Amino acid sequence: MSSSYVILGAGVIGLTTALELRERYPQANIIIVAKFLPGDRDASYTSPWAGANWLSVATDNGRQEEWDRITYQKFKELAIRTAEVGVYAMPITAVYDSEIEDAGVLSTGTGKIWYDGLVGGIAMLGEERLPEGAKFGYELSTFVVDTQVYLPWLQGEARRQGIEIRRGMFESLDELFTAFPDANAYFNCTGLGSYSLKGVEDKSIYPTRGQIMLVESPKTTMTRMYFRSPQRVNKDTTYVFPRGPHNGVVLGGIRLDNDWSGEVDLELAEDIKQRCCALAPELGKPEDLKVIYHGVGLRPSRKGGARLERERFAEHLVIHNYGAGGAGYQASWGMARGAVDLLQKDSRL
Ligand code: FAD
């Protein structure tokens, strides 16, 4: 008899986990069940609101760096089919307003930026290229994800590969076990939902509110992303992520911990415009930007980092894969691999 798996959650983590599972267990019955699916918009459904790019925040010299490494390599493969998948190869210019030792970019133990080799070399910016006040900066080759294309693509891939997708909202793990009594394992990919899902109720989870806007692509074609911040992870972060040459540009942002509000702050939006135009000359003047929409997303942050763990509830096996914070895209394929590895009891991830 073939095995059967249920994935709770259809954000980037749930969808990617489903595809990884299918790759490793071609004969398995796999069902994704979620309250929100690609196409839906709600501040608590984080994935549609992300920038999103690959600029690792991991410095643990361990599993988080490994998740990002695996995903970078996967994005490299996917970017060959950019138009269909929504992953674009694109360089980024990142500048920091703290000295490198205080910017949260150096890996524990090695004291180096761990992804230098992975991305084909990081080019440090000369002083003449640093904006006023910046302490250091670099450029590297990386990827930007158009979430409006990528999430439906992941969902479409899942369907094409025989994975069933259902809409469903669960109060508790028990309710999930009752609805799907015969599953060999249940993957909990509920992001912020793990804060209140009974049976999990993880109070280490907290929202990190972000605010973005999508603007029309400027006439001067944008071929790079920009990022400026006091530190790699900081509340005063500014970023400009073009979704390819013509699909608009995402401007952000902010990182406010423990803020559950899904409301757009229009004063903040004006400030974001100013900061982004100062950073990316191609955008032109703030007053000339054509805003298509504003958005707020709540990143599923977690004290101690993401939870990838097996847990037994009597005869049911639950594999947790949530709490990716601001790294859910760039860690997605690595976290999915780690979660599926956990089906084997002696897995080390
Ligand atoms: P979600 O996308 O929230 O999905 C959770 C799923 O679980 C949903 O389908 C939901 O309906 C379902 N669910 C929850 N509870 C229940 C329940 N009880 N019953 C049924 N279903 C349930 N990441 C990067 O890697 N790079 C970036 O540049 C980046 N930029 C970002 C910018 C902003 C402004 C924001 C907000 C986020 C950004 N992120 C970025 C972070 C990234 O978006 C998140 O880490 C990621 O989307 C989390 O995905 P997830 O699948 O865990 O959660």
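Since the structure is predicted, the reported quantities are computational estimates derived from the model, not experimental observations. Computed from heavy atoms alone, side chains included, the values below leave out hydrogens, waters and symmetry copies. Order of listing sets the numbers, starting from 1, for every ligand and every atom in it. The chain is numbered in sequence order, starting from 1.
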Worksheet item: Below 4.5 Å, heavy atoms only, C-beta onward: do Leu55 and Thr142 meet side chain to side chain?
Response: no

Response to the item:
Less than 4.0 Å from some atom of ligand 1, heavy atoms are found in residues Leu8, Gly9, Ala10, Gly11, Val12, Ile13, Ala34, Lys35, Phe36, Ser44, Tyr45, Thr46, Ser47, Trp49, Ala50, Gly51, Ala52, Asn53, Gly168, Met169, Phe170, Cys189, Thr190, Gly191, Gly193, Leu197, Ile212, Tyr239, Phe241, Gly297, Arg299, Pro300, Ala324, Gly325, Gly326, Ala327, Gly328, Tyr329, Gln330

Discussion item. Show me the pairs that pass salt bridge (charged side-chain N to carboxylate O under 4.0 Å, His left out) and involve residues 316-326, at least two apart or across chains.
Written reply: none

Fill in: Option from Phe241, Tyr88, Tyr72 for which ring-ring contact (aromatic ring centres under 6.0 Å, His included) with Phe143 holds
Tyr72

Per-pair distances, 0.1 Å, donor-acceptor, side chain in residues 118-138, under 3.5 Å, sequence neighbours excluded:
unit_1: Arg129; atom_1: NH1; unit_2: Glu139; atom_2: OE2; d: 3.3
unit_1: Arg129; atom_1: NH2; unit_2: Glu139; atom_2: OE2; d: 2.6
unit_1: Tyr138; atom_1: OH; unit_2: Tyr96; atom_2: OH; d: 2.8
unit_1: Tyr138; atom_1: OH; unit_2: Tyr115; atom_2: OH; d: 3.0

Can you list, pair by pair, the side-chain donor-acceptor contacts under 3.5 Å of residues 277-291, counting residues two or more places apart and other chains?
unit_1: Glu282; atom_1: OE1; unit_2: Tyr226; atom_2: OH; d: 2.9
unit_1: Glu282; atom_1: OE2; unit_2: Tyr226; atom_2: OH; d: 2.9

Worksheet item: Relative to Tyr5, does Arg22 satisfy both conditions: NZ or CZ under 6.0 angstrom from the six-membered ring centre, and within 45 degrees of the ring's axis?
Response: no

